[in-house]
Protein chains: 2
Amino acid sequence: MNTKGELNRSVRNTKKRLRESLIKLVGEKPLSAVTVSELTEDADVNRSTFYFHYKDVYDMVTEMENLFLADFSVALGALEQKSHDTITILFKCLESHMDLCRILLGANGDMSFVEKMKRIVELKCSRIWKDAVPDLSDEETAIFDSFVVGGVMSTLQAWVRDNDRQPAEAIAGVLNRLVLDGICPVVANWQGNQRQV
Amino acid sequence: MNTKGELNRSVRNTKKRLRESLIKLVGEKPLSAVTVSELTEDADVNRSTFYFHYKDVYDMVTEMENLFLADFSVALGALEQKSHDTITILFKCLESHMDLCRILLGANGDMSFVEKMKRIVELKCSRIWKDAVPDLSDEETAIFDSFVVGGVMSTLQAWVRDNDRQPAEAIAGVLNRLVLDGICPVVANWQGNQRQV
DNA sequence: ATTAAATTCCAACAATGTGTTGAAAATTCA
DNA sequence: TGAATTTTCAACACATTGTTGGAATTTAAT
C-alpha cells in the first residue's frame, strides 16, 4: 500500500476496473451478496491483488464513497453565502457521480453514506438559523437541522432514483421556496408564539 | 413451515431467542457480519432449525421489520383526519420497538426498511396536499411528499439515535408547526406566485 | 537503457461458513 | 394417547475467505 496520495498507473487501472465491475455487479444483486471472488473475476484482476489494496468489499466501497464525498464537500464549500444556488450545485455534483449515487442512495444502499452526506449538508443549513436567529436553543436547532437536511436528502434520493429526472433547477427551485419561504419564517418567529392556523 | 398465521409454542420461543441474539450481535458488529452460525450458537438453537424457518439472516430481519411495520401501519391508520396527533403516535410506536429501530434506522441500518416506513408515512402526508390544494401537479406533489416525509423520518431517526431523548410530544410539536405553519402555507399559495422574501 | 521499487500474478493453504440431507428425538396440541 | 410439527444431530459437498511466498511484470526516475 502506498502511504502517499499519488497512484501508480497500474494501480489506477486496477482500481478503475474493480470499480466498474462493482457497479455492474451491484446492478444485479445487493452489495452484501457481492463476493471478492466474482468481483475480481469480472474485473479480470487477481484476487490477491484485491487484498493488496482492500480489506474487503466494504472497504473498497468506502473508498469510492470518500472519492465522491470529497467532490461533494468541495462543491458545497466553494460557495459562501449565496444560498440560493446551493441546492442546484448539489444536484450537479450528484449528476456527475450518478452511477455510484444510485447504488448508495437506493434501497440496498448504505445508511452510513447517507449520514455522511447529511453531515456535509448540515454544515451549510445550520448556519442559516444560526445567522438569522441567534438565540435558538441547541435542541431546537438540532430538530430544524435534521428536518431540513433530511428533507433535502430525501428529495435528492428521489431524484436520483427517478429514471426520467426533472431538470435539477426545477427541483432546486421548489426546495429553495420550501426552505426559505416555508421553514425560515417559522424559525424566525419561533420565540414565544403559539401555532397560528 | 406453517402456512397459517398461528405459531407453535416452540416456534415462538425459538424465534424469540433468535431475535434477542440478533439484536445483541448487531450491537457488536454490522448486520452484514453476523453469520447464521454465531447467531444460532448464541441463541442456543440448532443451525438446522434456523434454516427450517429462514432462508438467511436477511430473511429473518425482514420478518422482524414486517412485525414492526404492521404495528406502525396500524398505528398510523387508526387515526382519521386528526393530523395533529399523527406525529405523536409515530413516536409512541417507535418507542415500543426501540431496540429494533435503533438498529434499522442507525448507520449500518437498512435503507429498504426506511423506504418502507417512508411509504407508510407518505400515505398520510400526501393526503394533506391532495385535500387542501386539489389542482397540484403530480410532479410537485411528489417533491413535497419526499421533502416532508424525508424530514419527518430524519427527525425520527435522530430521536431514536439520541441517548437522552426529549419527550416525544416536544418534537412532535415542533414538527407539526414546521409542517402546518411552514410547509402547508407555501403549498397552498403555490399557484403562480414568485418567491416573496 | 538500467535499475530499484512497487505492483501484479499464481498456486496453494487452512479455516470458516453455507445450504442441504436423512433420520432420530422431542415437543405440541387436539 | 397419537399424529403432526418442530428440533436436534451428524454429515456432506461446496464456496469464500484471508493469507502466504515467490516469480513475473510494470512503473517511474535516473
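Every chain is numbered from 1, with letters handed out A, B, ... down the list of sequences. Because only heavy atoms are used, hydrogens play no part in the values below, and waters and symmetry mates are left out as well, while side chains stay in.
- Contacts between residues 39-51 of chain A and DNA chain D, defined by a heavy-atom separation under 4.0 Å, are made by A/R47, A/S48, A/Y51.
- The closest side-chain heavy-atom distance from A/N66 to A/K116 is below 4.5 Å.
- Atoms CG (A/D59) and C1' (D/dG18) sit 14 Å apart, rounded to a whole Å.
- Map A/N13 and B/T35 each onto its nearest nucleotide of DNA chain C; the residue landing nearer the 5' end is A/N13.
- In this entry the distance linking OH of B/Y54 with P of C/dG19 reads 16 Å, nearest Å.
- A/R12 has its CZ atom 12 Å from the P atom of C/dT7, to the nearest Å.
- Under a 3.5 Å cut-off, the side chain of A/N8 and the backbone N or O of A/V11 do not form any donor-acceptor pair.
- For the OP1/OP2 pair of C/dT7 and a distance below 4.0 Å, the side-chain nitrogens and oxygens of A/T14 include no atom meeting the criterion.
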Could you walk me through whether B/E20 and B/K15 pass the side chain to side chain contact (heavy atoms under 4.5 Å, CB included) test, one step at a time? CA-CA 9 Å; B/E20 289 168 350; B/K15 290 194 170 185; over 6 Å; no

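- Surrounding CD of A/E41 are at most 12 heavy atoms belonging to other residues, nucleotides or ligands under 6.0 Å away.
- Checked by atom type and distance alone, the side chain of B/T49 never pairs as donor or acceptor with a backbone atom of B/V45 at under 3.5 Å.
- Atom CZ in A/F52 sits about 15 Å away from atom P in C/dA5, given to the nearest Å.
- Comparing A/R17 and B/V57 by the nucleotide of DNA chain C that holds the closest heavy atom to each, the one mapping nearer the 5' end is A/R17.
- Distances shown here put a side-chain N or O of A/H53 below 4.0 Å from the OP1 or OP2 atom of C/dT8.
- Atom-to-atom, CZ of B/R9 to C1' of C/dT27 comes out at 9 Å; the value is rounded to the nearest Å.
- Of the inter-residue distances, the one linking B/Q166 atom CD with A/E140 atom CD reads 8.5 Å to the nearest 0.5 angstrom.
- In this model, the phosphate group of D/dT26 is not approached by any side-chain N or O of A/N8 to a distance below 4.0 Å at OP1 or OP2.
- Side-chain N/O atoms of A/S154 and B/K118 include a donor and acceptor closer than 3.5 Å.
- Atoms CG (A/D56) and C1' (C/dG17) sit 16 Å apart, rounded to a whole Å.
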